[in-house]
Each structure stands twice: as C-alpha cells, then as structure tokens.
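Below, each value reflects all heavy atoms present in this structure, side chains not excepted, and no hydrogens, waters or symmetry copies. Chain identifiers are assigned alphabetically (A, B, ...) following the order of the sequence lines, protein sequences preceding nucleic acid strands; residue numbering begins at 1 within each chain.
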Amino acid sequence: MKITIYNSLKRTKEPFETIEPGRVKMYVCGPTVYDSCHIGHARSVIVFDVIYRYLSAVGYDVTYVRNFTDIDDKIINRSNELGVSAESLAEKYIDEFHQDMDALNVLRPTLEPRATDHIDHIIRIIEILMDKGFAYASGGDVFFSVDLFNGYGKLSGRKLEDMEAGARIEVDQRKKNPFDFVLWKSSKPNEPAWDSPWGKGRPGWHIECSAMSEDYLGASFDIHGGGKDLIFPHHENEIAQSEAAFGRTFVKYWVHNGFVNINHEKMSKSLGNFLMIKDIVKEYHPEAVRLFLLSHHYRSPVDFTDQNIKNAAAGLDKMYALLERAEKYLGTLPDKDAGYYDEVPVSEKDFWGLFRDAMNDDFNTALGIGILYDSVRHTNRVLDQMPETASADNTQNRHRISNECLHILKMGNILGLFAQSPGTYFKQKKDRIIDQKSFDADAIDAMIEERRAARKSKDFKRADEIRDQLKNMNIEIEDRPDGTIWKVIS
RNA sequence: GGCGGCAUAGCCAAGUGGUAAGGCAACGGCCUGCAAAGCCGCUAUUCUCCAGUUCGAAUCUGGAUGCCGCCUCCA
C-alpha cells in the first residue's frame with residue numbers, strides 16, 4: 001500500500017510521490033525563540049517527528065530541516081524588556097527548546113538552521129524579487145507586491161478582494177496593497193541590524209523560510225509543514241516569494257497540524273492558560289504526552305484535560321507492563337531492528353503490517369495506536385497460555401513471543417515510545433512518586449514483608465489488614481508469582 | 001463580511017459507499033486464600049436533526065441546528 005498525504009494546497013488526500021525517487025525533502029517551521037515552548041509546539045514537533053521517523057523507517061532517505069526564527073519583533077521586544085541582547089535571548093530559548101524536545105524523545109532533524117545565519121541569502125532573494133519587479137522599496141523597507149503574483153491566495157483559499165484589509169490592524173500607508181508584506185524591515189537605533197542595499201535592517205518573517213529551505217532543499221521540495229495557523233499569511237507568503245523568485249513550484253505537499261486546546265479553550269495570553277512543556281513533563285511521563293497527542297488525528301484539534309492525559313498515562317503503563325512481562329519471560333527483549341523468527345508461525349495478525357497501513361493513510365496514528373493496543377492484548381493472551389518463565393519453555397514459544405514484541409517495539413519506535421526499558425520506566429515512575437508524595441519506601445517494603453509472612457502462615461486476616469492500610473495510603477499491591485509489587489494509585 | 005473545520009456509546013477516539021477499530025469507565029466470567037494485574041464476554045440495530053441519491057449511507061448531495069478555527073509576525 002502506498003502512502004497518501006492530505007495536501008492543504010489541494011484540500012484532498014493525494015498519493016505520495018517524491019520529486020526524487022527514494023528521497024524526501026521536508027521543511028517544517030520551527031519556533032520563534034523568545035519564550036518557553038508550550039504543548040502546542042510539542043504537538044507540531046511531535047507530529048512531524050513521527051512523519052520523519054516513519055518515512056525513514058520505510059526506506060526513504062529523508063532530509064528534514066526545521067528552522068529557528070532567531071530575529072523578529074517579539075524577540076527584540078522581549079530582549080528590551082529583559083535588558084539582554086536579542087542574540088543571547090534567542091540562544092537561551094534554543095537551548096530550552098532542545099531540552100524540552102529531547103525530554104519528549106523527539107529526534108533532532110537533519111538540519112536546524114537559524115535565520116541570522118542566512119542574511120546574505122535572504123538579501124539575494126530580495127534582490128531577485130526587486131529585479132523581477134515583485135518587490136518595491138519604500139523608506140528603508142522592502143515590500144512584496146501581492147497583486148503581481150499570480151496565484152496569491154491559492155493555499156489559504158482567499159481572494160484578495162474578499163479580505164477585510166485593516167479590519168484588525170492599521171494599514172501601512174506605504175503599501176500599494178494592504179496585503180503586501182515586508183521582506184526587509186529597516187531598523188531603529190539600538191536594534192539588531194544588518195547592512196543591505198536598502199540600508200540597515202533585518203529580514204521580514206516570511207523570507208527567512210524561503211531562504212533556508214532553498215539553501216538546503218532547493219527551490220522545489222516535497223513536504224512543508226507547520227501549524228494550521230501558519231497557512232495564512234506565513235505559508236501563503238512563502239509561496240509567493242519563492243515561486244516569484246525562482247519560477248518553480250515551491251512545495252509539493254503542504255501538511256498542517258491542528259491545535260491543542262486546554263479544557264475546551266484555546267490557549268491564549270488573555271486566559272493565561274498556556275501549558276508549558278517543561279511543566280507538563282514534571283507531572284506526566286513524556287511518552288504519555290506523546291501517546292496522548294498521537295491518539296488524535298494530526299489535523300484535528302485535541303483537548304488537553306487531566307482526564308485525557310491520565311487516560312494516556314494509564315495506557316502507557318499497560319503497554320510497558322506487557323513489555324516487562326515479556327522481558328521476564330524472554331530474559332531480554334528483542335532489538336527493535338532485529339529480524340523476525342520465521343520458523344514459528346507468525347501471529348494470526350500482522351500487526352506491524354496493519355500499523356503501516358494506518359500510517360500510509362495520511363499518518364493515521366490514532367488508528368495505529370488502536371492496532372498497538374490490539375497487539376498488546378494479543379501478546380498478553382499468548383503469554384497467558386504459556387508457563388511463567390522461559391526456562392521451562394521451548395524455543396518455539398520464545399520465538400513466538402519475541403516476534404510479537406518485535407511488532408510492538410517497531411510500532412513504538414515510530415511513535416517515539418518505549419525508549420526506556422520497562423524496568424527503568426517503572427522504577428523512575430515509582431521514584432518520582434516517592435519523591436513527590438514523600439513516601440517512605442522502606443516502611444512500605446517492611447509492611448509488604450510482614451504481609452508476606454502473614455500470608456505464608458495463612459493469616460489472611462492480618463494480610464488483608466495490611467493491604468487495607470496500604471490502600472488507605474493510596475498504594476495498591478499486586479501479588480505476582482515472583483513476589484509482591486506495589487504502586488501508587490493516581 | 002470572507003475562508004475553513006467539526007458533531008460517532010457515560011467519557012476519549014478511528015472509520016469518505018458494503019453493514020460501527022481501539023482505550024478509559026461499568027457489569028458478568030476465568031485466574032486468585034481474597035484481591036490486583038492479565039484474559040474472555042458484555043456495552044451504539046446505530047453515527048446532531050430533516051430531506052434526497054443509491055441495491056446499500058456514519059460516509060455522497062441539499063437544508064437546519066450547535067460548536068470551533070483562520071483572516072493579528074499564535075504551533
């Protein structure tokens with residue numbers, strides 16, 4: 001089955017055919033680094049991380065570029081407020097971005113260019129646009145003339161004459177058309193500035209992406225992504241600039257992810273309900289955040305609520321519990337890149353194949369996660385039918401379990417799950433809770449030991465008393481063949 | 001005003017013409033000293049409403065209602 005992608009430009013799903021066979025060139029708009037990243041950034045980054053992982057996994061040679069916008073009005077304003085240089089402010093938030101994304105188990109893209117490293121290239125493109133008559137200078141600013149670009153509005157489906165110019169912002173009188181946008185912006189004293197043929201200034205927002213994408217991917221490339229809000233004006237303007245300058249189709253597939261709401265409300269400054277990544281990962285496992293976000297189709301809005309994220313966290317526990325069980329049985333889990341044992345009958349369902357079908361259909365991770373749950377349940381069922389430890393069992397059964405785990409690990413690898421060993425996962429989780437709730441782990445272990453002794457001497461009354469005591473402390477115990485474990489009920 | 005999206009069980013959520021995935025919760029069973037975990041079963045004759053196309057519609061068309069997003073250098 002071939003991959004289909006929903007193309008925002010055509011408003012329909014299309015078969016995915018790369019410009020160059022076997023190669024994918026992908027550009028995704030990264031953050032403007034003037035503040036910490038919130039859950040919305042996480043979604044966008046994770047969505048494209050999964051697309052990157054998947055395309056790579058199925059054999060494409062993927063060049064993935066994600067930029068940093070490190071010069072912009074917001075950065076300048078913030079740096080003035082804080083009394084630090086724009087450069088050091090950007091540096092700080094680039095570091096923080098990396099910390100957040102590493103925590104979320106996001107792979108680094110092939111390249112992470114910064115706007116300020118591409119000023120020369122930006123100026124060259126503006127010069128091309130001036131030469132071709134698409135741009136005009138006024139004062140120290142340079143504007144792009146939208147009326148001269150045939151096809152302006154094709155991505156966002158807007159017609160210039162239908163839009164309410166200046167409905168919400170004052171129209172700049174120097175513009176020939178209110179929708180003309182700035183390519184080069186003259187600087188005020190003490191603002192970061194670069195020399196240009198039009199005087200000292202800095203690039204406009206949109207032009208940097210045209211420059212950086214052309215630099216690393218060429219004038220035409222396969223996939224351009226970003227949040228839905230970027231469709232207009234950012235991506236519309238990128239198309240206009242790049243196609244006007246280079247005379248070629250800019251991007252083949254436009255991919256846009258939906259928003260994250262918090263308790264049914266849009267995140268906004270006025271509501272003050274921004275959820276920052278660094279705060280979320282203090283409370284929830286980063287992979288639970290991934291599982292939650294990827295449980296919805298990437299184009300749909302998702303609603304971040306306590307209930308929903310807890311649901312995902314419980315699901316992740318269930319998956320890791322199965323992996324722990326299998327690991328105990330096998331001694332060690334198979335490597336995700338290992339081959340299947342083909343001398344044992346493959347399970348009645350090829351879960352990895354089904355997962356691939358789901359991903360091939362416009363990266364339907366929600367459907368894929370359903371298949372992942374299916375395979376977890378199936379593997380639990382198979383394990384139920386086998387002796388508890390591998391020592392008493394035969395090679396064929398071991399290989400069968402190994403194959404099932406391989407399916408699960410491969411799916412997890414695409415979704416960015418199961419980066420930890422089950423042992424580490426559960427230990428970290430427990431340590432974190434002990435730390436947060438100041439539990440005395442030794443005391444709990446002592447109670448469990450006392451209960452074990454009571455059970456051994458058939459004093460079930462005492463054993464149940466201890467269990468009830470623990471339950472009152474929000475601790476639940478589980479008697480396994482090889483001992484009793486405990487966990488905190490959340 | 002222009003453009004776009006969404007409405008599926010108590011909750012979350014897949015599903016774009018062939019008879020409703022998956023998760024959570026609830027309930028019944030197996031297992032267990034009893035639990036927990038795991039497994040099995042059960043849980044929407046039906047997909048906001050009305051009309052139409054079709055042998056057949058959650059899926060297509062028209063209309064209604066409700067909710068949401070973009071048109072602000074917000075992912």
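- Within 4.0 Å of A/Arg455, counting heavy atoms only, lies at least one base atom of the nucleic acid.
- Rounded to a whole Å, the CG atom of A/Asp229 is 15 Å from the C1' atom of B/C68.
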Next item on the list: Test ring-ring contact (aromatic ring centres under 6.0 Å, His included) on A/Phe16 and A/Tyr253 and set out the steps.
Entry: CA-CA 8 Å; A/Phe16 181 57; A/Tyr253 303 96; 5.2 Å; yes
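- Among the atoms of the strands shown, base atoms are found under 4.0 Å from some heavy atom of A/Gly40.
- Side-chain atoms of A/His235 and A/His206 include no donor-acceptor pair closer than 3.5 Å.
- Using atom C1' as the reference point in both B/G2 and B/G10, the two lie 40 Å apart (nearest Å).
- B/G38 atom P lies 12 Å from atom CE of A/Met319, rounded to whole Å.
- Residue A/Arg158 is in base contact, counting any heavy-atom pair closer than 4.0 Å across all strands shown.
- The CG atom of A/Asn237 sits 13 Å away from the C1' atom of B/U72 (whole-angstrom rounding).
- With P as the reference atom, B/U43 and B/G28 are 15 Å apart, rounded to whole Å.
- Going from atom CG of A/Leu230 over to atom P of B/C3 covers 22 Å, rounded to whole Å.
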Check: What's the verdict on side chain to side chain donor-acceptor pair (under 3.5 Å) for A/His378 and A/His407, showing C-alpha distance, side-chain angles and the deciding distance?
Finding: CA-CA 11 Å; A/His378 181 261; A/His407 278 139; over 6 Å; no
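- In this structure, the aromatic ring of A/Tyr373 is not positioned over the six-membered ring of the base of B/G22 within 5.5 Å between centres and 30° between planes.
- Checking B/U32 for Watson-Crick or G-U wobble geometry (two distances, each under 3.5 Å) identifies no partner in any strand.
- Counting non-hydrogen atoms under 4.0 angstrom, A/Lys185 reaches a base of the nucleic acid.
- Checking the phosphate oxygens (OP1, OP2) of B/C40, a side-chain nitrogen or oxygen of A/Arg381 falls inside 4.0 Å.
- No engagement by A/Phe181 is indicated, since no non-hydrogen atom pair under 4.0 Å with the nucleic acid exists.
- Checking A/Asp70 against A/Tyr34 by side-chain atom types alone, no donor-acceptor pair falls below 3.5 Å.
- When heavy atoms are screened at a 4.0 angstrom cut-off, A/Gly30 is found touching no nucleic acid atom at all.
- Rounded to whole Å, atom P of B/C73 lies 11 Å from atom CZ of A/Phe179.
- For the C1' atoms, the distance from B/U61 to B/A57 is 11 Å, rounded to whole Å.
- Summarising the base pairing, B/G1 is matched to B/C71 through a Watson-Crick or G-U wobble pair whose two defining distances lie under 3.5 Å.
- Side-chain contact annotation: A/Trp198 with A/Ser186, donor-acceptor N/O pair under 3.5 Å absent.
- Backbone-only engagement by A/Asp374 is indicated by non-hydrogen atom pairs under 4.0 Å involving sugar-phosphate atoms exclusively.
- Relative orientation of the A/Phe426 and A/Tyr320 rings is perpendicular, given thresholds of 30° and 60° on the angle between their planes.
- Residue A/Val182 is classed as a base contact, given a heavy-atom separation below 4.0 Å to a base.
- With B/C39, B/A21, B/U16 as the choices, the nucleotide that has an atom nearest any side-chain atom of A/Leu367 turns out to be B/A21.
- Comparing the P positions of B/C49 and B/U59 gives an interatomic distance of 10 Å, to the nearest angstrom.
- For B/U45, there is no paired nucleotide, since no Watson-Crick or G-U wobble pair has both relevant distances below 3.5 Å.
- Using atom P as the reference point in both B/C11 and B/C39, the two lie 25 Å apart (nearest Å).
- A/Gly157 comes within contact range of the sugar-phosphate backbone alone, with a heavy-atom separation under 4.0 Å but no base atom that close.
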Hey, what are the protein-to-nucleotides 9-13 of chain B N/O distances that come in under 3.5 Å?
none

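- In this structure, A/Phe232 reaches the sugar-phosphate backbone alone: every heavy-atom distance under 4.0 Å involves primed, P, OP1 or OP2 atoms, never a base.
- In this structure, CE of A/Met267 is placed 21 Å from P of B/U72, rounded to the nearest angstrom.
- Contacts of A/Asp479 with the nucleic acid, taken as non-hydrogen atoms under 4.0 Å apart, include base atoms.
- Between B/G66 and B/C50, the two C1' atoms lie 15 Å apart (nearest whole Å).
- For B/U32, neither phosphate oxygen OP1 nor OP2 lies less than 4.0 angstrom from any side-chain nitrogen or oxygen of A/Arg480.
- Side-chain atoms of A/Arg11 and base atoms of B/G4 include no donor and acceptor less than 3.5 Å apart.
- Among the heavy atoms of the strands, none lies under 4.0 Å from A/Val45.
- Across all strands shown, B/A51 forms a Watson-Crick or G-U wobble pair with B/U61, both key distances being under 3.5 Å.
- Counting to the nearest Å, the P atom of B/C24 and the CD1 atom of A/Ile309 are 15 Å from each other.
- Nucleotides B/G22 and B/A13 are separated by 8 Å at their C1' atoms, to the nearest Å.
- The same atom, C1', is picked in B/A44 and in B/C30; the two are 27 Å apart, to the nearest Å.
- Phosphate contact (OP1/OP2 of B/C24, side-chain N/O of A/Lys318, threshold under 4.0 Å): present.
- When distances are taken from the side chain of A/His38 to each of B/G38, B/A75, B/C73, the shortest belongs to B/A75.
- Residue contacts shown for A/Arg451 include a base, since a base heavy atom lies under 4.0 Å away.
- No contact: A/Ile371 has no heavy atom under 4.0 Å from any strand.
- A donor atom on one side chain and an acceptor atom on the other are not found under 3.5 Å apart for A/Glu238 and A/Ser210.
- In this structure, A/Leu316 places its CG atom 15 Å from C1' of B/C24, rounding to the nearest Å.
- The aromatic rings of A/Trp254 and A/His256 sit parallel to each other, their planes meeting at less than 30°, with 60° as the upper class boundary.
- The base of B/G33 lies close enough to the side chain of A/Asp464 for a donor and an acceptor atom to sit less than 3.5 Å apart.
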